[in-house]
2 protein chains.
Amino acid sequence: MPSARTPEALRLADEFRRLIAEHMWAPGDPLPSRTQIGQEHGVGENVVRRAQELLISQGVLEGRAGSGTYVAEPRQRVRVVRSSAREQPGVAPFRADMKALGRQGDWESRTDAKVPAPADIAARLGLAEGDLCVRTTYEFLANGKPVQLSTSWEPCDLTAGTLVVLPEGGPHAGAGVVNRMAAIGVTVSHAVEQPEPRTATAEEASLLGIQKATLVTHIRRTYYSDQGRPVETDIVVPTALCEIVYEIPINP
Amino acid sequence: MPSARTPEALRLADEFRRLIAEHMWAPGDPLPSRTQIGQEHGVGENVVRRAQELLISQGVLEGRAGSGTYVAEPRQRVRVVRSSAREQPGVAPFRADMKALGRQGDWESRTDAKVPAPADIAARLGLAEGDLCVRTTYEFLANGKPVQLSTSWEPCDLTAGTLVVLPEGGPHAGAGVVNRMAAIGVTVSHAVEQPEPRTATAEEASLLGIQKATLVTHIRRTYYSDQGRPVETDIVVPTALCEIVYEIPINP
DNA sequence: TCGAATTTGTGCGTATGTATC
DNA sequence: GGATACATACGCACAAATTCG
């Protein structure tokens, strides 16, 4: 009849937390190796690993393969405001967000002009599978570091032959969907966003510089106009880097 | 030199998915035991376990301790709309949501009248730690089954001596925060919601009838009035049961 | 420049607890 | 109460990445 009621790994994780809280371990410091910690605490190497994994998933520690496990630097998260006030004439929403935080907002993008819509996107856009779209993938940077990913899908026949075919080209480059649509006479009346939690894929983690399998919020956004749905956008917001804020006005 | 590039567990998970997609396994069916599956596929027992865990975390399978692993029943998720249109005079927001889905919306609540605010709540409400609050915990039901949890915190000195001291008592019971505040002359101008992904605690999983450690969205909501922040609410929305929709009007 | 030692990361296995039938 | 099945904790072996002489 053995059995401590709380697993050793959890106790060890608490010990790590205590050492960090009491400034025995400072941000950026490497931890001793797993074998060393294991010997000092009289536990198996795996127990150490599990304790570290727990805190890594919580953003307290950071593991670097081949190098060591480190105390994570406390980084201020980017506040991403999502409200109607985001859409201002001639200003890119993301850059406005970053300016409010005193950071430089930039982005890199790649546009593929005629991409057949995959099944799920086609369903969301009300198209047949395989109908052509303009797909643009974005990587948003705050002070040069990636903090957010997104992919936008616009049906080809919506913008074909206009000046705004390419989201990041022409006179309205980077002005945001609402402004671009307004330029071709399409009035966007409202947007709908559906945030869903999931874990980051390996590719996303690599692009964003975050630990693997950490939590992200996947926002599926739809812009609605009088004529129908102009644009769908998938946005990936890593929890470790950004906090999402929805502002909701209350009608009296 | 061994090593298949893809782990056995992932291949087995795909096999499970295929069997379900091809209707060999129907919703509600129990899977064979892990030892049996392991022998049939020539893999270890824990490989089966990992494959099942993966699909359980995705809501495809469902594990019941002591009983077996089952194909999850496909249940339609409850659509929770979060927008300014939610707040209508005299109507509880949640009940309106459920009515739009053709379901019956109910809730159970428990109010504790004078609870000292814990540190994090005090900070959010702009109080000192230990200041008294009215804490109300809710369990929202759709057709009798719990789908959402929330906890609201109201500073005592805000409502003390009025008819709306208790959120679920008096003439404005269940009418929603905005209406109750209006009854005592406090005009709520806007709300701010901050959705964060995390995993469900054991208690939450038990209350909501979901698998342990599945994903939820934890929404921290603040109602703002002209005088300051009247109310904070923590809302727990399980991904398996609900989808969250934010409607954002676009100002032309 | 290269390779060996160190460290983290991954996959798989075993023992034991615990719930269900 | 016994048998069965899932759940949990812990351990081992090897691969991948990094570091440093």
Side-chain angles (χ1 to χ4, degrees), chain A residues 1-14 16 28-57 60-72 199-202 205-206 209-214, chain B residues 1-14 16 28-57 60-72 199-202 205-206 209-214:
Chain A
M1 69 216 97
S3 83
R5 296 187 326 290
T6 63
E8 295 179 55
L10 293 186
R11 279 199 298 243
L12 192 55
D14 280 340
F16 292 163
D29 283 0
L31 272 62
S33 77
R34 290 208 282 245
T35 51
Q36 186 176 336
I37 294 179
Q39 287 175 1
E40 287 176 1
H41 287 77
V43 299
E45 202 174 308
N46 280 306
V47 173
V48 182
R49 186 169 56 76
R50 251 115 205 176
Q52 290 178 346
E53 280 174 354
L54 179 66
L55 295 185
I56 287 173
S57 76
V60 178
L61 297 180
E62 187 181 336
R64 302 177 203 164
S67 173
T69 304
Y70 297 78
V71 179
T199 55
T201 65
S206 153
I210 57 178
Q211 298 284 308
K212 279 179 66 174
T214 52
Chain B
M1 48 186 54
S3 82
R5 296 185 326 288
T6 62
E8 296 179 55
L10 293 186
R11 279 199 299 243
L12 193 54
D14 280 340
F16 291 162
D29 285 358
L31 271 62
S33 78
R34 293 215 259 251
T35 52
Q36 186 175 336
I37 294 179
Q39 288 175 0
E40 287 176 1
H41 287 77
V43 298
E45 198 173 311
N46 56 50
V47 171
V48 183
R49 183 174 59 76
R50 253 115 203 176
Q52 289 178 346
E53 278 173 355
L54 179 66
L55 295 185
I56 286 173
S57 75
V60 177
L61 298 180
E62 186 181 336
R64 301 177 204 164
S67 175
T69 304
Y70 297 78
V71 180
T199 54
T201 65
S206 153
I210 57 178
Q211 298 284 305
K212 278 180 65 175
T214 53

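Chain naming here is simple, since letters A, B, ... match the order of the sequence lines and numbering starts at 1 in each.
Remark: P of C:dC12 and CD of B:Glu45 are 14 Å apart, rounded to the nearest angstrom. Between the CZ atom of A:Arg11 and the P atom of D:dA9 there is a distance of 12 Å, given to the nearest Å. Taking atom CZ of residue B:Arg49 and atom C1' of nucleotide C:dA15, one finds them 12 Å apart after rounding to whole Å. In this structure, A:Glu53 atom CD and D:dG11 atom C1' are separated by 14 Å, rounded to whole Å. For the pair A:Gln39 CD and C:dT7 P, the interatomic distance rounds to 11 Å; values are reported in whole Å. For the pair A:Arg50 CZ and D:dG11 P, the interatomic distance rounds to 9 Å; values are reported in whole Å.
Considering all non-hydrogen atoms of both residues, B:Leu12 and B:Val48 come closest at CD2-CA, 3.7 Å. For the pair A:Leu54 and A:Ala13, the tightest heavy-atom approach, listed with the atom from each and the gap, is CD2-CB, 4.0 Å.
Contact annotation for B:Glu8: backbone-only contact, meaning every heavy-atom pair under 4.0 Å involves sugar-phosphate atoms and none involves a base. Among the atoms of the strands shown, base atoms are found under 4.0 Å from some heavy atom of B:Arg34.
Nearest nucleotide to the A:Thr35 side chain, out of D:dG11, C:dT10, C:dT7: C:dT7.
Side chain to side chain, A:Asn46 and A:Arg49 meet the donor-acceptor criterion of an N or O pair below 3.5 Å.
Between A:Ser67 and A:Val43, the residue whose closest nucleotide on DNA chain D is further toward the 5' end is A:Val43. Between B:Gln52 and A:Ala65, the residue whose closest nucleotide on DNA chain D is further toward the 5' end is B:Gln52.
Applying the 3.5 Å distance criterion, the base of C:dG9 shares no donor-acceptor pair with the side chain of A:Arg64.
Residues A:His41 and A:Val47 form no side-chain contact, since every pair of their non-hydrogen atoms from C-beta on lies 4.5 Å or further apart.
For B:Thr69, a side-chain nitrogen or oxygen approaches OP1 or OP2 of D:dC6 to under 4.0 Å. One finds no side-chain N or O of A:Asn46 lying less than 4.0 angstrom from the OP1 or OP2 phosphate oxygen of D:dC10.
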